[in-house]
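Order of appearance sets the numbers: ligands from 1, and atoms from 1 within every ligand. Scope of the values below: all heavy atoms of this structure, side chains included, with no hydrogens, waters or symmetry mates.
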Amino acid sequence: MPALFTPPDHFRELTRAEIFPDPTRPLEIDLGCGDGTFLTGMAAHFPERDFLGVERMLGRVSKTARKIERQQLPNARIMRLESAYTVGWLLPSASVSRLHLLCPDPWPKKGHATRRLVNQNEFLDGLVRILIPGGEFLLKTDDRPYFEDALASFATREHQFKRVDWPDDAFFYPSTDFEQDWLRMGRSIHRARWQLVER
Ligand SMILES: C[S@@+](CC[C@H](N)C(=O)[O-])C[C@H]1O[C@@H](n2cnc3c(N)ncnc32)[C@H](O)[C@@H]1O
């Protein structure tokens, strides 16, 4: 199975088995996975789960694919596509156990806030569609306005998502490349975790 995953059809919902062969295994998505450090770290640590990275920049997709191949991880793949479309329309319904959005582009300019994924109904409705009952959305960002937008968006969807604690020792969760850079620069990281309310 190649590390690079290319959807057989970009205009319909994928089936779970098209992404990884065994549809009974938990599937986790790393949106905007960058160079794939977190993705491959998680895949190596949790061989019983499957991990799909989504990234739109070709150079980062290639780096991630090389990391997957070098580490011989059959449970990790990378797809070159846009995040909102992937979540809104492409990933299979009720298939994802955890979706990670780590250090997303902050879109700091006034007037660009609508580009933040957490402000887009296409993304939020898609999240409801693709998560399994009890599935989770995990967000980390150094950008306070982005974080506040996320809190506000999810506050309007309390019938769909409940916020759950995320203590330091909750589970294995390697830091990402950007997170390490931001921490080195003295910035703080905000994080939150929401669970899809059982339907
Ligand atoms: C700030 S970097 C963070 C990378 C990685 N998650 C980390 O924490 O090290 C954001 C990444 O998301 C990707 N990205 C931004 N918007 C995207 C979109 N709409 N669809 C897919 N990838 C996107 C960028 O190309 C970039 O690699």
So for ligand 1, is Leu102 a polar contact partner (N or O within less than 3.5 Å, distance only)?
yes
Quick note on ligand 1: atoms under 4.0 Å from a heavy atom of Thr176 include exactly 7 (C), 8 (O), 9 (O)
What atoms in ligand 1 come closer than 4.0 Å to a heavy atom of Arg60?
24 (C), 25 (O), 26 (C), 27 (O)
Could you label the plane-to-plane angle of the Phe137 and Phe123 rings as parallel, tilted or perpendicular, counting under 30° as parallel and over 60° as perpendicular?
perpendicular
CG (Asp165) with more than 12 external heavy atoms under 6.0 Å
no
Which pairs with one or both residues in residues 93-114 pass ring-ring contact (aromatic ring centres under 6.0 Å, His included), sequence neighbours excluded?
Phe38-His100, His100-Tyr173, Trp107-His112
Any salt bridge between Asp50 and Arg16, counting N to O under 4.0 Å?
yes
How far is atom 19 (N) of ligand 1 from the closest protein heavy atom, and which atom is that?
Glu82 OE2, 2.8 Å
To check your reading of the model: name the closest protein heavy atom to atom 1 (C) of ligand 1, its residue, and the distance in Å.
Cys103 O, 3.0 Å
Any idea which protein heavy atom is nearest atom 10 (C) of ligand 1, and the distance to it?
Asp105 OD1, 3.3 Å
Under-4.0 Å salt bridge between Lys63 and Glu55:
no
Between Glu179 and Arg191, is the closest basic N to carboxylate O distance under 4.0 Å?
no
Can you sort out which atoms of ligand 1 are near Asp177, meaning under 4.0 Å from one of its heavy atoms?
9 (O)
Report, in ascending order of atom number, the atoms of ligand 1 lying under 4.0 Å from any heavy atom of Met57.
25 (O)
Can you check whether Gly32 has an N/O within less than 3.5 Å of an N/O in ligand 1?
yes
For atom 9 (O) of ligand 1, the protein heavy atom that lies nearest, with its residue and separation
Phe178 N, 3.0 Å
Nearest to atom 17 (C) of ligand 1, what protein heavy atom do you find, and at what distance?
Arg56 NE, 3.5 Å
With His10 via ring pair (Phe, Tyr, Trp, His ring centres under 6.0 Å) - residues at least two apart
none
Kindly indicate whether the side chain of Arg116, heavy atoms from C-beta on, has any atom under 4.5 Å from the side chain of Ser153.
no
In ligand 1, which numbered atoms sit nearer than 4.0 Å to a non-hydrogen atom of Leu81?
20 (N), 21 (C)
Just need the protein heavy atom nearest to atom 13 (C) of ligand 1, so name the residue and atom and give the distance.
Glu55 OE1, 3.3 Å
List the closest protein heavy-atom neighbour of atom 21 (C) of ligand 1: residue, atom name, distance to the nearest 0.1 Å.
Ser83 OG, 3.2 Å
What do you reckon, is CH2 of Trp166 surrounded by more than 12 foreign heavy atoms closer than 6.0 Å?
yes
